[in-house]
Amino acid sequence: MQIDTPSPAPAGQEIDESLYSRQLYVLGKEAMLKMQTSNVLIIGLKGLGIEIAKNVALAGVKSLSLYDPAPVELKDLSTQFFLTEEDVGKPRAAVSAPRLAELNAYVPISVVDKIPEEQLAKYQVIVATDISIEEQVKINNFTHANDIKFIATDTRGLFGSVFVDFGPDFTIIDVNGEEPHSGIVSDIEADGTVSVLDDSRHGLQDGDYVKFSEVDGLDINNEQLFKVEALGPFAFRIGDVTKYGTYKKGGVYTQVKVPQKMSFQPLSEQLINPEFLIADFAKFDRPAQLHLGFQVLHQFNEKRGHFPRPFNQEDLNEFLHLAKNFAEQTKFADDLDEKLLTELAYQSTGDLPGMTAVFGGLVAQEVLKACSGKFSPIKQFMYFDSLESLPKGFPRNADNTKPINSRYDSQIAVFGLDFQQAVANSKTFLVGSGAIGCEMLKNWALMGLGSGPNGKITVTDNDTIEKSNLNRQFLFRPKDVGKDKSEVSTAAAIAMNPDLKGHIEAKNQKVGPDTEHIYDNAFWESLDFVTNALDNVDARTYVDRRCVFFNKALLESGTLGTKGNTQVVIPRLTESYSSSQDPPEKAIPLCTLRSFPNKIDHTIAWAKSLFQGYFTDAAENVNLYLSQPNYIEATLKQAGDVKGILESISDSLNDRPYTFEDCVKWARLEFEKKFSYDIKQLLFNFPADATTSTGAPFWSGAKRAPTPLVFDINNEVHFHFVVGAANLRAFNFGLKGDQGEPDKAFYNKVLSEVTIEPFEPRSDVKIQVNDEDPDPNAQQKIESDELQTLASSLPQPSTLAGFRLNPVEFEKDDDTNHHIEFITAASNARALNYQIEPADRQKTKFIAGRIIPAIATTTALVTGLVQLELYKVVDKRDVIEDYKNGFVNLALPFFGFSEPIASTKGKYNDKEFDVIWDRFRIDGDITLKELIDHFKEKEGLEITMLSYDVVLLYASFFPPKKTNERLPLKMSELIKTVKKQELESHVTTLVLEVCVDDLQGEDVEVPFIQINL
């Protein structure tokens, strides 16, 4: 049975970057092209199977086939998001396929009715879910013998397993996906000890390989690879180099990713002698127990029929008896953990969206590894459980875990009906409905979160859907491009679970100080917890502050390519999100950008700045000049590059283009200035043989001597600089540029008319050599007469009435607007100046656009981990050890979990308080005097200063008259008096910062004051 889908891309066709752009930065083009030649079969289309299929379809393979002829059951709706109640009784694969096909037009979806060996031979990767071990072994024996990659996976309640066999000779082209390290050599000794510049760590490990370029004195500047022995952060050894000559100077090392081989055993052997990947180091002994438990569970269920009913006591006794016998025969575990195996047995009929999301993301990534050879596979078994998620405040028993013929039966089997109702009556706020937000809503719809009579989900996102979102934000379809994310995602959640109708609300206002009248006190106080699905730190920290203020739990998560993290913020237990921050990004020194680049990152940053100056700042300066009467006078008084501002206005108005040909000529002259004249001036100041004050060569270490470029229209870099610059200048001036591909003959004709003046060096130009040195140009005083002359040369605004320029607003994802074309060409032209390896358009776009790499697999897994913590939040756990923060890297693969960091405690007058979560609460609008007296009498604290927002309300050093005037005022009146403005109508709480002295007269830190009006 073939499902009709749009025609797939022919083999070898270029990748659709507008769809796959964020994923390309994770996997790379080579891996993506390999995936496009892979046919994948997924067996079993319950929740786990469909989650894997969804992620694989979004990623893009040649084809995806589905096998599951079993009829849909109502309880499947607990985790299978493409099924509805109307599908009950129909074949799972057949009803799922057309909905799966909507995700990606490039991936044809087919349903197979049988899977004999001749059918299996068509696939490069086979994933088996929800089948017996006997069936797994039979299929795997065939795949192992025929170089077909095989993965078997199952989830049972809060337990999950995965087995991976990629054959006896699997090649990994890149074990971790990290950017290759490179750096500048400062010395190479005879024994092969390589030293790097003091301020840059080499980042290499034992066993890595490097190659060299630009080394003077040693004949190693080729593709020859050297194996690394790391000696410390700033040195490594490559072995004796005396046969290559004697090192003199210079050199750049570059790490080379060398393919690695990995050998896998078939399932039949691994069942007896398993190799485990540890998923949680706090549960080091669990894999052996679960390896035994899952096998016994398979045996037991085969005896009694495949999952016919929940376990009763008689079943459990028989199951544990089998487990003891199996343990004695196999020696997997010396001591059986009967409590663990009992939970596995009781939960074996349960199916949870959190666990299917975790294993669906994990296994889909293994499928992509199998197709592409990118990243390290699981070797070979991995078991994971989240027993900590079982509720403590909602006892489970045989009565409240039995089926009730509802879509939630698979969850009730694990948690019990009472807890399921607590989930349904929860009130939560989802901030963001992009990649993580879509996955959250899918999981919440399946678990019925907020669907009860007292439940509510509020979703907000102020963004609209773009084509590049469709690759990982799976609730959106091509027809939704341009619509509000929150509206579309909430509608999709209701379609998955109609119980949410009337219990989910979409908003499109950004959460921040400007919308506190919308998300007011009453709104925040109504919530049980908050979930962030944001992509920037500022928004995260704001939501975190709101959660701290209103004492609400916060579930935080994020992804970066194959890496993901989760954090739980619990009132009065843990630190908040804002308690710790990543170190700031290391800025590129200005002198490096201006004159001494040595990496492609430097030239891309320079090109982005050039783009901003040429096409945005210059146009905005012109518009200000033409619209503000005193603009010149104000500009002459300000600090900064006044001359540069005036010159940019002069260039735009006095040399205004009237035709596209004028724009082309301007672009050609700018090429000469930036890549020839400026370089020649630099070499005039510092000739190639220049030396420093100590006699050392000036051009050494991080400084590499540049070479001026000679324009050649047949050089693609040169040509595209002119094309990009000309079209962007035409946009500024409202002129018609190229329509479609540029006509090189046209450009050649126009450029032949351009006169290039010979370069004349200037002796007054000064260049900053090191970033720690003072900028010599900052010390130069530009004569006011020169500036006045420049200002007076500008045409009067009255002569240009109504004339305005169109500033360019940088947009990285539109391939027709010339933005990335210009930045790529400008960066690569400068790279050619400095003998730096150029970067392609994709890499330039990634760096210049500050794109966050993203892939659906990581997103699915991370949101699954969040759901496992959400259960604990609903259960109102008050022990910090019950919670887990997580970090994963699917490329390695690596899983790490830790307890959250406890919130900090403070003390005053022998009273302990929580620094983050405590505050002094006062109900009612009291006077300043009453507040001072209250602190003195109740807390033993003397207020020395009191402030609201940025306004000082009271200080002990105020003159008596000023103090006496303020003491009788109510706090709301005092704030209005001092700020000279009314409080906004939505303000019902006053937050006051306070400085106090304790009983000993010492200044002590205390919480803030919260006055509830």
Side-chain angles (χ1 to χ4, degrees), residues 47 73-79 154-160 283 286 289-290 293-294 296-297 300-301 304 307-320 323 336-358 383-426 443-444 446-452 454-455 499 528-529 864 867-879 881-884:
E73 300 177 62
L74 182 60
K75 67 177 184 178
D76 292 345
L77 275 61
S78 278
T79 53
D154 277 305
T155 59
R156 299 281 179 260
L158 289 164
F159 299 89
K283 303 174 180 178
R286 288 277 173 90
Q289 296 279 344
L290 292 177
F294 267 83
V296 174
L297 187 62
F300 183 78
N301 284 325
R304 66 173 191 156
F307 309 132
R309 64 181 189 277
F311 269 62
N312 56 32
Q313 189 60 48
E314 184 182 342
D315 293 330
L316 179 64
N317 293 338
E318 186 180 349
F319 173 77
L320 292 176
L336 277 188
D337 186 338
E338 290 196 12
K339 185 177 178 183
L340 180 72
L341 295 180
T342 298
E343 279 296 346
L344 176 61
Y346 276 132
Q347 294 183 33
S348 62
T349 55
D351 204 10
L352 303 175
M355 287 299 291
T356 56
V358 169
Y383 292 94
F384 173 77
D385 74 84
S386 184
L387 279 182
E388 313 80 31
S389 297
L390 285 175
K392 293 182 177 179
F394 297 82
R396 298 174 300 146
N397 53 53
D399 283 337
N400 69 16
T401 56
K402 66 184 179 184
I404 62 170
N405 195 34
S406 85
R407 64 182 297 138
Y408 309 114
D409 277 355
S410 287
Q411 296 169 72
I412 291 170
V414 178
F415 294 124
L417 180 58
D418 295 342
F419 186 71
Q420 179 64 40
Q421 290 171 344
V423 169
N425 286 309
S426 295
N443 293 331
W444 292 357
L446 294 170
M447 69 170 66
L449 182 76
S451 63
N454 299 314
D499 292 353
D528 293 314
F529 62 91
Q867 305 319 306
L868 299 177
E869 297 305 304
L870 183 152
Y871 296 132
K872 304 171 189 176
V873 172
V874 173
D875 195 32
K876 295 182 167 52
R877 301 286 183 83
D878 57 4
V879 178
E881 290 81 9
D882 287 348
Y883 294 97
K884 284 185 177 180

Practice problem: Please report the C-alpha distance between Leu297 and Phe159 in whole Å, then the side-chain angles of each, then the deciding distance to 0.1 Å, and finally whether the side-chain contact (heavy atoms from CB on, under 4.5 Å) criterion is met. | Solution: CA-CA 12 Å; Leu297 187 62; Phe159 299 89; over 6 Å; no
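- Panel note: side chain Lys283, backbone Asp385; a donor-acceptor pair is recorded below 3.5 Å.
- Looking at every heavy atom in both residues, Gly293 comes nearest to Leu341 through CA-CD2, 3.7 Å.
- Side-chain atoms of Phe415 and Asn400, non-hydrogen and from C-beta on, never get closer than 4.5 Å to each other.
- Taking every heavy atom of both residues into account, Phe294 and Leu344 meet most closely at N-CD2, 3.9 Å.
- The nearest pair of heavy atoms linking Glu338 to Thr342 is O-OG1, 2.6 Å.
- Counting only heavy atoms from C-beta outward, the side chains of Leu340 and Leu290 approach each other to under 4.5 Å.
- Checked by atom type and distance alone, the side chain of Asp409 pairs as donor or acceptor with a backbone atom of Ile404 at under 3.5 Å.
- A salt bridge between Lys392 and Asp882 is present, with a side-chain N of the basic residue lying under 4.0 Å from a carboxylate O of the acidic one.
- Of all the heavy atoms in Phe394 and Asp875, the pair that sits closest is CD1-OD1, 3.3 Å.
- Across Ser78 and Gln411, no two heavy atoms sit closer than the pair OG-NE2, 3.6 Å.
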Quiz item: Does the side-chain contact (heavy atoms from CB on, under 4.5 Å) test come out yes or no for Thr79 and Thr155, once each step is laid out?
Solution: CA-CA 11 Å; Thr79 53; Thr155 59; over 6 Å; no
